[in-house]
There are 2 protein chains.
Amino acid sequence: MTVLSTKERILNSTEELVAESGFCDLTMRQISTHANTNLAAINYHFGSKQSLINHMLERRLDTLFEMRLKRLDELENGSEQPCLLRQVLKAFIEPALVISNDERMGGQRFMKILARAYAERSDFLHELLSSRYANVIKRFAAAIERACPPLDEQTVFWRFHFIIGALTYVMADFGAASKTSHMSEQEFFATCNHQLVDFAEAALSAPRRLSECQADTASSA
Amino acid sequence: MTVLSTKERILNSTEELVAESGFCDLTMRQISTHANTNLAAINYHFGSKQSLINHMLERRLDTLFEMRLKRLDELENGSEQPCLLRQVLKAFIEPALVISNDERMGGQRFMKILARAYAERSDFLHELLSSRYANVIKRFAAAIERACPPLDEQTVFWRFHFIIGALTYVMADFGAASKTSHMSEQEFFATCNHQLVDFAEAALSAPRRLSECQADTASSA
DNA sequence: ATCCGCATTAAACAAACGTTTGATTGCTTT
DNA sequence: AAAGCAATCAAACGTTTGTTTAATGCGGAT
């Protein structure tokens with residue numbers, strides 16, 4: 001058992017507490033107790049509560065997007081022609097599931113936190129996604145577009161966002177859902193992975209406007 | 001302009017404040033100020049803060065699931081054979097978009113709140129979904145299963161949940177995303193509707209296990 | 001006119017919050 | 001041995017929190 005620094009223990013405890021009961025109930029005293037350190041130590045190391053939360057998010061997000069970018073690089077360097085859609089999707093989705101399955105990276109906790117941060121519309125998170133990680137997201141969108149020639153840019157944009165939503169949502173619900181199923185956690189993880197990749201590929205492969213029979217769009221209560 | 005009761009003003013203000021800045025920052029004093037009433041009036045009418053939040057969620061969720069159920073009933077009474085998948089999906093998805101488009105029902109605010117409540121893993125919300133609205137959800141799952149004969153129950157379960165995730169996520173991001181697009185809010189709404197139904201239909205229509213070429217599931221950092 | 005029940009109000013409550021202070025520790029450098 | 005420094009600690013800071021109290025206003029029934 002390796003001994004962790006105070007900073008690491010604080011970050012880990014913050015992660016665990018947020019994953020367990022959300023951002024609302026998170027208090028400095030909870031964190032310090034859980035991390036077996038002093039209350040003032042948090043402000044000493046991180047300055048403020050908000051700064052602590054930002055550090056917690058950045059630590060894992062950096063790893064996640066590094067992994068995604070690495071997988072995409074390997075993919076695009078491997079062949080000249082446009083990559084297979086399924087491979088691009090796996091490069092995007094699987095790093096999230098790998099992290100979810102690796103206790104050293106926060107396990108399923110981090111994805112829960114991410115879903116919560118999304119829903120909270122954390123200004124910090126949105127800024128991060130539209131600056132620090134924007135290039136990664138753009139590269140994926142471009143790769144998907146290249147792999148789906150019959151689809152226009154706008155449709156790819158929408159469907160990619162739907163998939164991110166499904167990924168985020170299901171990761172957040174991972175623990176709860178796995179308990180109601182009849183599988184081991186490992187089985188559940190593998191199933192989720194396959195189902196999600198299949199789902200994403202199917203959704204992105206389909207032609208636009210499967211049926212145009214509209215004129216039945218409800219608009220009143 | 002109709003005059004609203006104090007209870008209604010409090011509920012509306014709670015909705016607006018949560019949609020604007022989340023559950024974390026919500027305080028009783030904010031609500032009372034916004035609703036032009038006294039601080040103690042909230043506890044008088046609702047008992048506690050948590051009870052107020054529960055009432056706020058129930059008010060809109062009841063309408064949402066009533067609309068969904070009504071649409072499904074109409075659909076299933078209309079014909080003997082299994083309904084078209086697209087129609088079932090529309091019965092589930094469109095009520096959410098109708099509410100999002102109707103200011104009298106909270107407009108886009110309520111969907112944002114719903115996404116936040118999901119992410120916050122509100123015990124109350126989960127209890128509600130697995131008790132009060134469980135029958136509606138089960139009926140939709142069954143209808144989808146009937147409309148997708150080649151798919152097994154488990155796969156339908158997964159994909160249906162992915163779609164709920166995408167729906168929730170995109171509704172929560174509605175306002176932010178519509179600002180970065182070059183459309184009017186009405187156009188954006190209609191586009192979102194079509195894209196989402198297409199997306200869901202494509203995802204559910206696809207056969208299971210599009211490609212079995214696995215053995216490349218990463219498992220280390 | 002009097003009473004009653006409901007609604008509203010200002011004021012106060014204890015508890016919990018994030019943050020700051022100032023003393024103290026333990027280790028490294030002079 | 002002494003000085004320097006980052007890290008830790010208990011204690012207290014001033015706010016803000018959700019909730020409660022007790023007084024007041026107001027309309028219909030007695």
Side-chain angles (χ1 to χ4, degrees), chain A residues 1-59 113 116-117 119-125 127, chain B residues 1-59 113 116-117 119-125 127:
Chain A
M1 162 113 188
T2 58
V3 59
L4 299 172
S5 73
T6 304
K7 280 186 85 163
E8 286 172 318
R9 287 199 328 272
I10 292 173
L11 285 172
N12 289 342
S13 293
T14 308
E15 240 179 35
E16 289 177 35
L17 289 169
V18 172
E20 202 173 299
S21 33
F23 285 102
C24 287
D25 303 337
L26 184 72
T27 75
M28 302 288 268
R29 282 167 179 82
Q30 265 186 9
I31 299 169
S32 65
T33 304
H34 192 280
N36 260 308
T37 185
N38 189 269
L39 172 62
I42 306 178
N43 284 294
Y44 174 78
H45 284 291
F46 296 96
S48 70
K49 186 185 182 181
Q50 189 56 55
S51 167
L52 164 65
I53 293 174
N54 295 352
H55 276 89
M56 171 197 75
L57 289 174
E58 269 191 65
R59 179 173 67 149
I113 291 167
R116 290 187 168 169
E120 272 300 326
R121 322 207 109 329
S122 150
D123 289 340
F124 174 76
L125 181 62
E127 215 170 294
Chain B
M1 164 114 187
T2 59
V3 58
L4 298 172
S5 73
T6 304
K7 280 185 83 163
E8 286 172 318
R9 288 201 324 273
I10 291 173
L11 284 171
N12 290 342
S13 293
T14 309
E15 239 179 36
E16 289 176 34
L17 289 169
V18 172
E20 202 174 299
S21 32
F23 285 101
C24 287
D25 302 337
L26 184 72
T27 74
M28 303 287 269
R29 282 165 180 85
Q30 265 187 9
I31 298 169
S32 66
T33 303
H34 192 278
N36 259 308
T37 185
N38 189 269
L39 171 62
I42 307 178
N43 285 294
Y44 174 79
H45 284 291
F46 295 97
S48 69
K49 186 185 182 181
Q50 190 55 55
S51 167
L52 164 64
I53 293 175
N54 295 353
H55 276 87
M56 171 197 76
L57 289 174
E58 269 190 65
R59 179 172 67 150
I113 290 167
R116 290 188 167 165
E120 271 301 325
R121 323 205 105 335
S122 149
D123 289 339
F124 173 76
L125 181 62
E127 215 170 294

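All figures in this text were calculated on a predicted structure; none of them were measured in a lab. Protein chains get the first letters and strands the later ones, always in sequence-line order, with residue 1 at the start of each.
Closest approach of B/F46 to B/S51, counting heavy atoms only: O-OG, 2.7 Å. Contact record, A/T37 with A/R9: CB-NH2, 3.9 Å, taken as the closest heavy-atom pair.
Counting heavy-atom neighbours within 6.0 Å of B/H45 NE2, excluding the residue itself, gives a total above 12. By the neighbour-count criterion of 12 heavy atoms within 6.0 Å, atom NE2 of B/H55 is sparsely surrounded, having that number or fewer from other residues, nucleotides or ligands.
At whole-Å resolution of the value, CD1 in B/I42 and P in D/dG18 are 9 Å apart. One interatomic measurement links the two molecules: CD1 of A/I10 to P of D/dC9, which rounds to 10 Å at whole-angstrom precision. The CG-P distance, from A/N38 to C/dT24, rounds to 15 Å in whole Å. We find that NZ of B/K7 is positioned 15 Å from C1' of C/dT8, with the value rounded to whole Å. In this entry the distance linking CG of B/N43 with P of C/dT9 reads 14 Å, nearest Å. Going from atom CD1 of A/I31 over to atom P of C/dC17 covers 11 Å, rounded to whole Å. Atom P of nucleotide D/dT17 and atom CZ of B/F23 are separated by 17 Å, given to the nearest angstrom.
When each of B/T37 and A/M28 is assigned the nucleotide of DNA chain C with its nearest heavy atom, B/T37 is the one assigned upstream, toward the 5' end. Of the two residues contacting DNA chain D, namely A/Y44 and A/R29, the nearest-nucleotide position lying further toward the 5' end is that of A/Y44. Checking B/N36 against B/L39, the closest nucleotide of DNA chain C that is more toward the 5' end is the one next to B/N36.
Side-chain contact check for A/Q50 and A/N54: at least one donor-acceptor pair (N or O, by modelled atom type) lies under 3.5 Å.
Note on B/S48: every side-chain N or O is 4.0 Å or more away from OP1 and OP2 of D/dG18.
Backbone-only contact: B/L26 has heavy atoms under 4.0 Å from sugar-phosphate atoms and none from a base. A/A41 comes within 4.0 angstrom of no nucleic acid atom, judged by non-hydrogen atoms across all strands.
Comparing C/dC17, D/dT19, D/dT17 by their nearest atom to the side chain of A/T27 picks out C/dC17. Among the nucleotides D/dT8, D/dC9, C/dT19, the one closest to the side chain of A/A40 is D/dC9. Looking at the side chain of A/H45, the nearest of the listed nucleotides D/dT17, D/dT19, D/dA7 is D/dA7. The side chain of A/K49 lies closest to C/dG18 when the candidates are C/dT9, C/dG18, D/dT19.
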